[in-house]
Student: 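Quick one: structure below, then a few questions.
Within every chain, numbering begins at 1; the chains are lettered A, B, ... in the order of the sequence lines, protein sequences first and strands thereafter. Only this structure's heavy atoms are used, side chains among them; waters, hydrogens and symmetry mates stay out.
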2 protein chains.
Amino acid sequence: MRVSKAQAQANRAHIVETASRLFRELGYDGVGVADLMAAAGFTHGGFYKHFGSKADLMAEAAASSFAQSVSNSENMSVEALFTMYLSRQHRDARDVGCTMAALCGDAARQSPEVRSTFAEGIADMLEKAGSESPDTSNAEQQRTQMISMLAQAVGAIMLSRSCPDDSPLADEIIDVCRAQILANLSADVKG
Amino acid sequence: MRVSKAQAQANRAHIVETASRLFRELGYDGVGVADLMAAAGFTHGGFYKHFGSKADLMAEAAASSFAQSVSNSENMSVEALFTMYLSRQHRDARDVGCTMAALCGDAARQSPEVRSTFAEGIADMLEKAGSESPDTSNAEQQRTQMISMLAQAVGAIMLSRSCPDDSPLADEIIDVCRAQILANLSADVKG
DNA sequence: TGTACATCAGTGAACGCGCGTTCACTGATGTAC
DNA sequence: TGTACATCAGTGAACGCGCGTTCACTGATGTAC
C-alpha cells in the first residue's frame with residue numbers, strides 16, 4: 001500500500017538510522033537486509049525502493065552518523081569530548097558510539113564510496129576540533145596534535161573492545177589513553 | 001589418502017599461516033573455509049580433521065601471527081619498530097602486516113577465545129617493548145607511554161586504511177603519527 | 001470540488017548462490033604379531 | 001624383518017541454511033481533467 005511522500009521520506013531516514021546503529025553493533029556482515037528492515041519495522045522487499053544495495057546503505061549510514069557526531073560535539077570543549085570518548089561507557093555502547101571506532105575495520109575492505117565517506121568524516125572531525133580554538137597562529141600544529149589524538153582515541157577504543165569483557169587490560173588501555181590525552185591538552189594550554 | 005604424522009603437522013601449520021594472511025587481507029567474513037583450504041593447497045573436506053570450526057582457526061591464526069610479531073621484533077629498537085609500523089608500506093601490505101590493525105575490528109565481535117588471544121597479544125607486545133629498555137626505575141611510566149603509542153599506531157593504520165587509496169589524508173595520518181611518536185620517544189631519552 | 005486513473009511505497013514469495021559443516025570413501029601410514 | 005590389519009589425513013559430493021536481490025502484486029496517494 002502506498003504511503004505519503006513525507007512518510008516515505010521519514011521511513012527512509014528511519015531505516016538509515018536503524019542501519020547505522022545495527023552496523024555499529026554487529027558489523028557490516030553481521031546484519032542482513034531482512035534483519036535490518038525488520039528492526040526498522042518493515043519487510044525486506046521494500047528495501048530496494050529506497051537503496052540501490054546494502055553497500056549503498058552502508059555509505060549513507062556512515063555519513064549520517066558522522067554528521068550527527070559533528071553536530072553533537074557542537075559547543076563542546078575538546079577536553080570534554082575526549083573525556084566522553086575515552087570512557088568505558090563509550091566502549092561498551094557500540095551501537096550509539098563512534099562509527100569510526102565501530103566500523104573502520106570493515107570500511108577498509110569496502111567500496112570507494114564508503115571509504116570516501118570515512119575520509120570526509122575524519123576530515124570534518126579534524127576541522128571541527130580545530131575550529132574550537134580561536135587561536136589561528138599555530139593552526140598547523142593544532143591539526144597535527146588533533147590527528148595524533150584522534151588516532152590514539154580510536155585505537156584505544158578498538159583495542160579495548162578486542163579484549164574480553166572482563167579484561168583488566170581493556171580498562172587500562174582506556175584509562176591510560178584518556179589520562180595521556182588530557183595531560184597533553186593541558187600541557188598545550190600552558191606551553 | 002593418509003599422510004605421515006610429520007606431514008600432517010606441517011600441513012596444519014601451513015593452513016594456520018595461510019589463514020592468518022587471508023584473514024588479515026580480507027577479514028574473517030571475507031574468506032570462506034573452502035577458499036582458505038584451496039589457497040593452502042587442499043580441498044575443504046579435510047578442514048575439520050584439523051580444526052573444530054572456522055572460529056577456532058581464527059583464534060589460532062591470530063595467536064600464530066602475534067607470536068611471529070614478537071619474535072620478529074626481537075633485537076629491534078622501539079624507534080625502528082614504530083618507524084616500520086607507521087609506514088605506507090605497512091598500511092598497504094595488510095596480509096603480512098599487524099594482525100591487531102587488520103583484525104581488531106573483527107575480533108571485537110568474536111568469541112571469548114579470539115578476544116583472549118588478542119588481549120594476550122597486546123600484553124605480550126607491551127611487555128616486549130618494556131623489556132627493551134634496561135631502565136627499570138620508571139617501569140610504570142614506560143608502560144603507560146607504550147600503551148599510548150600502541151593505541152596511536154594501531155589507530156593511525158586503521159584510520160588510514162579506511163580512507164580511499166589515493167587520499168592525501170590517508171598518508172597525512174600515517175606521517176603525522178610517525179613523527180609524533182618518534183618525537184615523543186626522543187623527548188623521553190632527553191627527559 | 002469531484003472523479004478517474006497513474007504512480008509507487010510497501011508486501012511476501014521466490015531466485016540463485018555461497019556459506020560452514022557432515023559424511024562415506026580412499027589409500028598410504030602406523031602398528032601388532 | 002615381513003605380513004596383516006587398523007588408523008586417519010585428505011577427498012569431493014551433499015546437507016541445510018541464510019544471504020542479497022528480484023518480482024508480481026496491493027492499495028493508498030498523487031494528479032489530470
Student: Go through the structure and list residues passing salt bridge (charged side-chain N to carboxylate O under 4.0 Å, His left out) with A/R2, not counting sequence neighbours.
Tutor: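 Expected list: none.
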Student: Atom CG of B/D56 and atom C1' of C/dG20: how far apart are they, to the nearest Å?
Tutor: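 Rounded to whole Å, this separation is 13 Å.
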Student: Would you say B/H44's side chain and B/D35's backbone share a donor-acceptor pair under 3.5 angstrom?
Tutor: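 No; zero donor-acceptor contacts below 3.5 Å.
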Student: Between B/S73 and B/M76, is there a donor-acceptor pair closer than 3.5 Å when you use the side chain of the first and the backbone of the second?
Tutor: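 Here the side-chain-to-backbone pair does not exist.
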Student: Any side-chain hydrogen bond (donor to acceptor under 3.5 Å, both in side chains) involving residues 164-173 of chain B? Give me the pairs, sequence neighbours left out, ordered by first then second residue.
Tutor: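 For residues 164-173 of chain B: A/R115-B/D165, A/R143-B/E172, B/R88-B/D171, B/R91-B/D171.
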Student: With a 4.0 Å heavy-atom cut-off, tell me which residues in residues 33-44 of chain A come close to DNA chain D, sorted by residue number.
Tutor: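 Here the set is A/V33, A/D35, A/H44.
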Student: In whole angstrom, give the distance that lies between atom NZ of B/K54 and atom P of C/dC19.
Tutor: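 Interatomic distance, NZ of B/K54 to P of C/dC19: 8 Å.
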Student: Would you call A/E79 and A/R178 a salt bridge, taking side-chain N to carboxylate O under 4.0 Å as the test?
Tutor: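 The answer is no: the pair does not qualify as a salt bridge.
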Student: Please check this pair: side chain of A/D106 against backbone of A/Y28, looking for a donor-acceptor N/O pair closer than 3.5 Å.
Tutor: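 Present.
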Student: Would you check, one step at a time, whether the test side-chain contact (heavy atoms from CB on, under 4.5 Å) holds for B/H90 with B/C98?
Tutor: CA-CA 8 Å; B/H90 178 209; B/C98 174; 3.6 Å; yes
Student: Is the side chain of B/S69 donor-acceptor paired with the backbone N or O of B/S65 at a distance under 3.5 Å, no angle test?
Tutor: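 Checking the backbone N and O of B/S65 against the side chain of B/S69, a donor-acceptor pair under 3.5 Å is found.
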Student: Just need the stems in DNA chain C: three or more back-to-back Watson-Crick or G-U pairs, each with both distances under 3.5 angstrom, sorted by first number.
Tutor: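 The stems that DNA chain C takes part in, listed by first number, are C:2-33 with D:2-33.
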Student: Nearest whole angstrom, please: distance from the P of D/dC19 to the CG of A/L26.
Tutor: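 After rounding, the gap between these two atoms is 12 Å.
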Student: Test A/R12 against every option in A/Q7, A/E60, A/E17 by the side chain to side chain donor-acceptor pair (under 3.5 Å) rule and name the one that passes.
Tutor: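 Among A/Q7, A/E60, A/E17, the one meeting side chain to side chain donor-acceptor pair (under 3.5 Å) with A/R12 is A/E60.
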Student: Got a donor-acceptor contact below 3.5 angstrom from the A/R24 side chain to the A/S20 backbone?
Tutor: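 A pair under 3.5 Å: yes.
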Student: Name every residue in residues 9-23 of chain B that has at least one heavy atom under 4.0 Å from any atom of DNA chain C, in order of residue number, or write none if there are no such residues.
Tutor: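 Correct list: empty, so none.
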Student: Main chain of B/A170, side chain of B/S160: is a donor-acceptor contact present, judged purely on distance under 3.5 Å?
Tutor: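 Yes, the answer is positive, given that a donor and an acceptor are paired below the 3.5 Å cut-off.
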Student: For B/D29 and C/dG18, give me the distance from atom CG to atom P, rounded to whole Å.
Tutor: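 From B/D29 CG to C/dG18 P: 16 Å.
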Student: Side chain of B/H50, heavy atoms from C-beta onward: which of C/dT21, D/dG10, D/dT21 has the nearest atom to it?
Tutor: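 From the listed options, D/dG10 comes nearest.
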Student: What string of B, S and - do you get for nucleotides 23-33 of chain C, 5' to 3', when a contact is any protein heavy atom under 4.0 Å?
Tutor: B--BBBBS---
Student: Give a yes or no on whether A/L185 and B/I181 share a hydrophobic cluster (residues Ile, Leu, Val, Met, Phe, Trp, Tyr; joining criterion: side-chain heavy atoms under 4.5 Å apart).
Tutor: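 Looking at the clustering, B/I181 is in the same group as A/L185.
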Student: Give the rounded distance in Å between these two atoms: CZ of B/F47 and P of C/dC19.
Tutor: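 Value for this atom pair: 13 Å.
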Student: Can we call the ring centroids of B/F42 and B/F47 under 6.0 Å apart?
Tutor: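 Centroid separation for B/F42 and B/F47: 6.0 Å or greater.
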